[in-house]
Amino acid sequence: MKKIISILLITTMVFSQLITYAADVQEPTITFKELTKIELSDIEEISIRSGITGEGVIISSKLVIENILNTVNELELKDYEENIQGGFAYEVMFGLSDNNSIHYNCSAGTEINNRRYEALDDTEVRKSLEYYYNLYKSINSSKWSTDIIAEAVNLGIISADNSWNFPASICREDFCNIAVRMIESAGVILPTENPQRPLGIKDTENINVLKLYKAGVILGKEHHKTGITFAPGDFITREEAATILGRIATYFKISAKENIPYANYSDSSSISDWARVAVSTMYQLGVMTGVSETEFSPKGLYTVEQTVATMVRLYNVIDN
C-alpha cells in the first residue's frame with residue numbers, strides 16, 4: 001500500500017511539474033514597435049475606421065498621432081490563428097511618407113512582409129481608437145480646425161463632451177472661459193479673490209472673467225463711475241481677441257523678438273490704436289494671423305474654432 005501511495009505521489013508531482021512547464025512555455029511574441037520600426041516622423045497621417053459604421057476619420061495632428069502610435073506600439077503580437085477571424089471593432093491605418101501604409105485591425109491583426117500577426121490583448125488600443133474616432137466624429141468644425149480642436153481636448157483647453165458650434169462667432173464671456181482653461185492647463189492657477197481695484201466689473205459674476213480681470217488680462221469695455229461693464233454676451237472682435245491674447249502673453253512674460261508697431265496688413269489703418277502692438281505680436285509669434293495673407297479684418301467677429309486654434313498656438317508658445 002505504501003509503495004502504491006509513493007508511486008501516486010511521484011506521478012502527481014511529475015504531472016504537476018509538466019503542467020507548470022507547459023504554462024511557462026509561451027509562444028514567442030514581438031511588439032508592434034519592434035516589428036514595424038516606424039517612427040512618428042515617418043507618418044504623414046492616420047485614419048481610423050469603425051467596423052460598426054464602416055465610416056472613417058482622417059487625422060493629421062502630430063500630437064494625436066503620437067498618442068495613438070504610443071498605444072499601438074505597446075501591442076504584443078504573435079503568429080495569427082486563422083480560426084479567430086471575424087468582424088472588427090476599429091482599424092487604424094498609418095499612412096507613411098514613402099506612400100506605403102501599415103494597418104492594424106482589432107480582430108485580423110496586422111500583416112508585415114506577408115506574415116500575419118495578432119495581439120495577445122488589444123483592449124487599450126481599442127479604447128484609444130474608439131475615443132479618437134468618436135472625438136473626431138463629434139467635432140462640428142471647419143475642416144482646417146478639426147485637428148487643432150482635438151489637440152485642445154488633449155491639452156484640457158476644452159472638454160471632449162462639449163457641444164460647441166465651432167464655426168459660429170464667440171461671445172466675450174466664452175472667449176474668457178476658454179482662455180482660463182488654456183492658462184490653467186499651462187500650469188498657472190489664476191487667483192479667485194475679489195479684484196483689488198477701484199472699480200469692479202458690474203455686469204457679470206462669471207468667475208473666469210473676474211480671474212482675468214484680477215490678472216490684468218481684461219480691462220473691461222466701458223468705464224463708469226459706478227463700475228466697469230464687460231458686455232459678456234457681445235461677440236468679440238478680432239482686434240479685441242488679439243489684445244486679450246497679447247495680454248496673456250505679457251502675463252507669461254512672452255514678447256515678440258522684433259520691434260514692429262503693427263502688422264503689415266492692407267487694412268492695418270483700420271486697426272484701433274490700442275490693438276496695434278497686440279496684433280503685431282500675435283502675428284510674429286504665429287498665434288494669430290489674418291483672414292488672408294494681406295487682410296486682418298480687425299472689426300470682424302472671431303469664431304469659436306479660431307479662438308480654440310489661437311489658444312492652442314499660444315499654449316505651445318508658453319510651453320516652449
Side-chain angles (χ1 to χ4, degrees), residues 17-139 143 146-156 160 312 316 319-320:
Q17 288 175 346
L18 288 172
I19 292 175
T20 302
Y21 176 77
D24 289 338
V25 176
Q26 298 178 350
E27 290 186 66
T29 62
I30 186 171
T31 66
F32 187 86
K33 181 176 179 61
E34 292 169 337
L35 181 64
T36 63
K37 296 181 174 61
I38 58 171
E39 301 290 342
L40 180 63
S41 57
D42 299 326
I43 303 171
E44 289 290 314
E45 63 181 21
I46 69 174
S47 66
I48 300 173
R49 186 164 64 98
S50 167
I52 299 171
T53 66
E55 298 177 342
V57 296
I58 305 296
I59 300 173
S60 300
S61 163
K62 286 297 183 183
L63 176 61
V64 176
I65 292 173
E66 183 177 18
N67 289 344
I68 295 171
L69 179 63
N70 286 342
T71 305
V72 177
N73 270 341
E74 293 178 0
L75 281 173
E76 284 192 277
L77 303 170
K78 65 177 183 177
D79 285 336
Y80 185 77
E81 297 177 6
E82 292 292 340
N83 61 350
I84 68 166
Q85 178 76 35
F88 68 94
Y90 294 95
E91 179 184 61
V92 59
M93 182 198 76
F94 297 94
L96 307 181
S97 52
D98 61 2
N99 293 323
N100 289 318
S101 63
I102 295 176
H103 299 247
Y104 178 75
N105 182 300
C106 292
S107 176
T110 188
E111 182 174 336
I112 305 292
N113 297 327
N114 297 318
R115 185 173 174 180
R116 300 277 299 279
Y117 299 86
E118 62 171 311
L120 296 182
D121 182 0
D122 63 6
T123 302
E124 293 305 313
V125 170
R126 290 174 189 240
K127 287 179 181 178
S128 178
L129 298 182
E130 179 181 22
Y131 171 78
Y132 282 109
Y133 174 83
N134 289 331
L135 173 61
Y136 270 73
K137 276 295 186 181
S138 69
I139 295 175
K143 186 176 180 180
T146 305
D147 276 320
I148 203 163
I149 289 171
E151 290 183 14
V153 173
N154 270 344
L155 295 172
V312 171
N316 289 331
D319 192 48
N320 291 328

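Computed over heavy atoms, backbone and side chain alike; hydrogens, waters and symmetry mates excluded.
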S60 and E45: side-chain contact (heavy atoms from CB on, under 4.5 Å), yes or no, with the steps?
CA-CA 5 Å; S60 300; E45 63 181 21; 3.8 Å; yes
Between R126 and A89, is there a donor-acceptor pair closer than 3.5 Å when you use the side chain of the first and the backbone of the second?
no
Ionic contact status for E130 with K127, cut-off 4.0 Å:
no
How long is the span from the CD1 atom in I68 to the OG atom in S61, to the nearest 0.5 Å?
9.0 Å
Taking all atoms of both residues into account, what is the closest heavy-atom pair of A160 and S138, and its distance?
O-OG, 4.5 Å
Return the minimal non-hydrogen interatomic distance between C106 and D122, and the atom names on each side.
CA-OD2, 3.5 Å
Side-chain touch E76/D121, heavy atoms, less than 4.5 angstrom:
no
Could you walk me through whether F32 and V125 pass the side-chain contact (heavy atoms from CB on, under 4.5 Å) test, one step at a time?
CA-CA 12 Å; F32 187 86; V125 170; over 6 Å; no
Which residues pass the ring pair (Phe, Tyr, Trp, His ring centres under 6.0 Å) test with Y133, sequence neighbours left out?
Y90
Assess the residue pair D147 and V64 against the criterion (side-chain contact (heavy atoms from CB on, under 4.5 Å)); give the C-alpha distance rounded to whole Å, side-chain angles, the decisive distance to 0.1 Å, and a yes or no.
CA-CA 8 Å; D147 276 320; V64 176; 5.6 Å; no
Are any non-hydrogen side-chain atoms of D319 and L155 less than 4.5 angstrom apart?
no
Strictly below 4.0 Å, N to O, side chains only: are R115 and D79 in salt-bridge contact?
yes
Among L77, N73, L75, I102, which residue meets the side chain to side chain contact (heavy atoms under 4.5 Å, CB included) test with L35?
L77
Is a donor on one side and an acceptor on the other found under 3.5 Å between the side chain of T110 and the backbone of H103?
yes
Does atom CG of N113 have more than 12 heavy-atom neighbours, drawn from other residues, nucleotides or ligands, at distances under 6.0 Å?
no
Among I48, V57, T53, find the residue that satisfies the side chain to side chain contact (heavy atoms under 4.5 Å, CB included) test when tested with K137.
V57
Closest contact, heavy atoms only, S101 versus G95
CB-CA, 4.5 Å
Just so I know, are the side chains of T36 and F94 near enough to count as touching, which here means a heavy-atom distance under 4.5 Å?
no
Contact between V153 and Y131 at the side-chain level, heavy atoms closer than 4.5 Å - yes or no?
yes
Interatomic spacing from OG in S107 to CG in N105 - rounded to 0.5 Å
5.5 Å
Spell out, as yes or no, whether a donor-acceptor pair under 3.5 Å connects the side chain of K33 to the backbone of L69.
no
What's the separation between atom CG in L129 and atom CZ in F88, rounded to the nearest 0.5 Å?
11.0 Å
Is the backbone of N67 close enough, under 3.5 Å, to the side chain of N70 for a donor and an acceptor to pair up by distance?
no
Nearest heavy atoms of S47 and I58, plus distance in Å:
CB-CD1, 3.6 Å
Calculate, to the nearest 0.5 Å, the distance between atoms OH and NZ belonging to Y117 and K78 respectively.
14.0 Å
Qualifying salt bridge (Lys or Arg N to Asp or Glu O under 4.0 Å) pairs, either residue in residues 89-106, two or more places apart
R49-E91
CD on E66 to CG on N154, rounded to 0.5 Å:
10.5 Å
Spacing of NZ belonging to K62 relative to OG belonging to S41, to within rounding of 0.5 Å:
7.0 Å
Taking only residues two or more places apart in sequence, or in another chain, which ones meet Y132 in a ring pair (Phe, Tyr, Trp, His ring centres under 6.0 Å)?
none
